[in-house]
K.L.:
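Let me give you the structure first, and then I'll get to my questions.
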Number of protein chains: 2
Amino acid sequence: MSAQIKKSTYSDIDKKESKIEGEYLPTKKSSLPNITANDALANNPTLKNSTSLPLFSPLYQQIKELILKSLQVGEWQPGESIPSEMDLAERFQVSQGTVRKAIDELSGENILTRKQGVGTFVATHSEEQVQYRFLKLMPDLENSLKKGSSEREIISFKQIPASDFVANALAINAMDDVFCLRRVLSFSGVVTILEDVWLPCHSFKGLTADRLNAYGGPMYGFFEKAFGIKMVRAQERIKAVLPNSVQAELLAVSESTPVLSVERTAFTYNNNPMEFRQGLYLTLDCHYRNELN
Amino acid sequence: MSAQIKKSTYSDIDKKESKIEGEYLPTKKSSLPNITANDALANNPTLKNSTSLPLFSPLYQQIKELILKSLQVGEWQPGESIPSEMDLAERFQVSQGTVRKAIDELSGENILTRKQGVGTFVATHSEEQVQYRFLKLMPDLENSLKKGSSEREIISFKQIPASDFVANALAINAMDDVFCLRRVLSFSGVVTILEDVWLPCHSFKGLTADRLNAYGGPMYGFFEKAFGIKMVRAQERIKAVLPNSVQAELLAVSESTPVLSVERTAFTYNNNPMEFRQGLYLTLDCHYRNELN
DNA sequence: CAGTGGTCTAGACCACACT
DNA sequence: GTGTGGTCTAGACCACTGC
């Protein structure tokens, strides 16, 4: 019932049977089991107390939020499949088309991955195709990094209080402990990237350099498996800088060799920053590639 | 009947009088409800002779291609509205939902812009909101360039034969003539960008520095109005470099100041490269911002 | 073969903008 | 009010995958 009302205004803020459309779903599954869907909507407090603008939102957006919430709490782990569209439609008591539109958006945001004939899966950084999804460095001559011939070495790993700058990027309190690690990446035997990575200790309890080294795949894949932290989005700020003496030595170049400084903040669900890193990229034989649309 | 078949394959590779769409709107809903939409499929020659892979494509993709073709030939100019979804559905003899899906994709690619209650418009680089859509430079402290206080100055403008490098980027023959211009951009009175721009003379007949200077808005908006050339996409390659003596002087920095080198190839419809430029960005108080998804 | 996502249609109603 | 895009539903069929 109340569910119907929401639908009638695309909203969660309504009241009484202005059945303005008892027809979207007549009696229908009313007699049937789940309530979930309507309940889900009915109970979804998302916008209920919103004193700000979006006093309502389309049904599919609400479904999207519900799916995101399930992802957030780990109901479905990275790499796993989520229920079929029909099942979700049943669960939320909406039409398959509405679920589909919600999944469409999540798929567009690289949060879910569809595989025709198989199902819909939670995106992961561990899969071959999307490994290094956030690494935009390309050789000048070829069209993709030869990831097979990449090596990496962790140079240092320590636990320290966050500087104001890092704390701000991670949205934590200054002086909260963070893990700070420095590593070097080489491609085809050529040292190319030097990067410092900061992670909030609170969320990465028990992280050690050994565990990181022991894991073969990409770091974000490790975070998923070891800490259930899934990076869904990142923001980078790029500048041209000169390395200091330490950095230059690690990169095996002179201090007058310009390098790209790439500061990245990576976010998990809910725009929650979980990692900050600064990379120095040597761009003599490669470049940072970006597509503009 | 045959209608069913087409649908059954989502294909265009069909038989019989492919009178190349003499009847997108024929007898139409003549006797029976449909046949129409299926005819659209049957008669659409798009992929008929394709000897390569996609021996078929979904209807909405074909509609998308037809819309793109109309944009390409200038049936609808940048900033103008295109026919309503219902009208297009009528024209192509498919359902509104199918047209909608085609437009959804074009909208996602920033080729069309929807405005609820008003219509669907051809995207343009002249609108306030999307001006400098391809410029990713941001001040470190604020969240967007103060475009109001920007100035630009064309330093040189000439017509020369394309170098191999430029010709390759523009997909033209080496030694074909190109316009080459150099300009400086300042923000809040600070010189920030020095860029060289190459344009194929063939497509920009009659371009002069004066005409460029006379136009107040962004360059891509000018190209739309003066030459009907709409840039829809671009690719950038970023490196950290040191400016040469001439560049350093124009940027008012020393030759040991690292700068971002941003090489951009901009494409019009059909992945047709229409502009190549190399920008040198001073990143002392600003940065190149990129969102990763 | 059964099950999943992908496409297409048809029709209803909602939200919005302009006149 | 009229017309536009936006949402939602329902049902049909197609294409792909894996058992």
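The chains referred to below are lettered A, B, ... by the order of the sequence lines, with proteins before strands, and numbering in each begins at 1.
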K.L.:
Which residue, A:V118 or A:Q61, contacts DNA chain D at a nucleotide closer to its 5' end, judged by nearest heavy atom?
P.N.:
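It is A:Q61, whose closest nucleotide lies nearer the 5' terminus.
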K.L.:
Return the value, rounded to whole Å, for the distance between atom CD of A:Q96 and atom C1' of D:dC13.
P.N.:
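These atoms are roughly 12 Å apart.
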K.L.:
Roughly how many Å is it from CG in B:L112 to C1' in D:dT4, rounded to a whole number?
P.N.:
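Going from CG in B:L112 over to C1' in D:dT4 covers 15 Å.
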K.L.:
May I ask you to evaluate whether B:K101 reaches the phosphate of C:dT7, defined as a side-chain N or O under 4.0 Å from OP1 or OP2?
P.N.:
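Yes, such a contact exists.
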K.L.:
Hunt down the Watson-Crick or G-U wobble partner of C:dT19, both distances under 3.5 Å, from any strand shown, or write none.
P.N.:
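Partner of C:dT19: none found under 3.5 Å.
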K.L.:
Please determine if a side-chain N or O atom of B:T98 lies less than 4.0 Å away from the OP1 or OP2 oxygen of C:dC8.
P.N.:
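Looking at the OP1 and OP2 atoms of C:dC8, neither is under 4.0 Å from any side-chain N or O of B:T98.
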K.L.:
Calculate the interatomic distance between A:R100 atom CZ and D:dT9 atom C1'; express it in whole Å.
P.N.:
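So the two atoms are 15 Å apart, to the nearest Å.
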K.L.:
State whether a side-chain donor-acceptor pair under 3.5 Å links A:Y288 with B:E236.
P.N.:
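Looking only at side-chain atoms, B:E236 and A:Y288 do not form any donor-acceptor pair under 3.5 Å.
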K.L.:
Round to the nearest Å and state the distance from A:R114 atom CZ to C:dT4 atom P.
P.N.:
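Between P of C:dT4 and CZ of A:R114: 13 Å.
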K.L.:
How long is the line joining OH of B:Y60 and P of C:dC8, in whole Å?
P.N.:
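Whole-Å distance recorded here is 7 Å.
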K.L.:
Can you say whether the rings of A:F223 and A:F204 are parallel (under 30°), tilted (30 to 60°) or perpendicular (over 60°)?
P.N.:
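Aromatic pair A:F223/A:F204 classed perpendicular.
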K.L.:
What nucleotide among D:dT9, C:dC16, C:dT9 has an atom nearest to a side-chain atom of B:Q116?
P.N.:
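The answer is C:dC16, which lies nearest to the side chain.
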K.L.:
For A:E85, which contact category applies under a 4.0 Å heavy-atom criterion: base, sugar-phosphate, or nothing?
P.N.:
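Sugar-phosphate: the residue A:E85, judged by heavy atoms under 4.0 Å, touches backbone atoms but no base.
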K.L.:
Please report, rounded to the nearest Å, how far the P atom of D:dT2 is from the CE atom of B:M86.
P.N.:
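Result: 16 Å.
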K.L.:
Look up atom NZ in A:K230 and atom CE in A:M274, then write down how far apart they are to the nearest 0.5 Å.
P.N.:
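Going from the NZ atom of A:K230 to the CE atom of A:M274 covers 13.5 Å.
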K.L.:
What is the distance, to the nearest angstrom, from the CG atom on A:L59 to the P atom on C:dA15?
P.N.:
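After rounding, the gap between these two atoms is 12 Å.
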K.L.:
For A:Y220 and A:F134, take the angle between the two ring planes, folded into 0 to 90°, and tell me which bin it lands in: parallel under 30, tilted 30 to 60, perpendicular over 60.
P.N.:
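Because their plane-to-plane angle is over 60°, the rings of A:Y220 and A:F134 count as perpendicular.
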K.L.:
Please list, one pair per line, the donor and acceptor atoms closer than 3.5 Å that link side chains of residues 111-121 of chain B to other protein atoms, with sequence neighbours excluded.
P.N.:
residue : atom : partner : partner atom : Å
B:R114  : NH1  : B:D104  : OD1          : 2.4
B:R114  : NH2  : B:E85   : OE2          : 2.3

K.L.:
In whole angstrom, give the distance that lies between atom CG of B:L88 and atom P of D:dT4.
P.N.:
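Taking CG of B:L88 and P of D:dT4, I get 11 Å after rounding.
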K.L.:
If only side-chain N and O atoms of A:S84 are considered, is one of them under 4.0 Å from the OP1 or OP2 phosphate oxygen of C:dG3?
P.N.:
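Checking C:dG3 against A:S84, no side-chain N or O comes under 4.0 Å of OP1 or OP2.
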